[in-house]
Amino acid sequence: ATPSFTLGRAIALVAGVVAVGIENLMTRVEIARSRRQLGQLDERLLRDIGLDRATARLEATKGFWS
């Protein structure tokens with residue numbers, strides 16, 4: 001009988017897990033960059049997007065994994 005779990009399947013599974021991990025990491029990096037930029041906006045720009053300084057500061061100070 002053919003084994004149900006082959007080396008090829010194992011490699012594909014590991015590659016999939018690695019790909020998802022890299023995608024999640026890239027998303028986190030982008031969110032962190034956006035938060036830093038949010039913290040640098042002036043009052044006029046914050047008002048344009050409907051945020052106050054306190055809310056922007058709170059979001060900008062969140063950790064990388066938040």
Side-chain angles (χ1 to χ4, degrees):
T2 305
S4 62
F5 195 75
T6 64
L7 180 59
R9 286 185 181 181
I11 291 171
L13 177 63
V14 170
V17 169
V18 169
V20 168
I22 290 171
E23 184 176 327
N24 287 340
L25 179 62
M26 291 173 61
T27 299
R28 288 277 137 213
V29 168
E30 179 63 24
I31 290 170
R33 184 186 67 78
S34 295
R35 286 178 173 157
R36 281 192 308 274
Q37 289 176 334
L38 182 63
Q40 297 172 354
L41 296 179
D42 62 28
E43 297 299 326
R44 181 185 60 83
L45 291 172
L46 288 172
R47 192 171 48 250
D48 285 350
I49 61 173
L51 292 177
D52 60 20
R53 172 61 55 201
T55 303
R57 188 176 301 118
L58 177 65
E59 189 66 28
T61 59
K62 286 185 178 179
F64 183 78
W65 297 107
S66 297

Of the non-hydrogen atoms in A60 and G39, which two are nearest, and what is the gap between them?
-> CB-CA, 3.7 Å
Pairwise distance [atom1]([X]) to [atom2]([Y]) - rounded to 0.5 angstrom:
{"X": "D48", "Y": "L45", "atom1": "CG", "atom2": "CG", "answer": "6.0 Å"}
{"X": "L46", "Y": "L38", "atom1": "CG", "atom2": "CG", "answer": "6.0 Å"}
{"X": "L41", "Y": "L51", "atom1": "CG", "atom2": "CG", "answer": "8.5 Å"}

Using a side-chain heavy atom cutoff under 4.5 Å and only I, L, V, M, F, W and Y, what cluster partners does V29 have?
-> L25, F64, W65
Any residue meeting salt bridge (charged side-chain N to carboxylate O under 4.0 Å, His left out) with E30, in chain and number order, not counting sequence neighbours | R33
Hits for salt bridge (charged side-chain N to carboxylate O under 4.0 Å, His left out) against E43, two or more places apart or cross-chain, chain-then-number order -> R53
E23, CD: over 12 other non-hydrogen atoms inside 6.0 angstrom | no
Residue among T6, L7, I11 satisfying side-chain contact (heavy atoms from CB on, under 4.5 Å) with R9 = T6
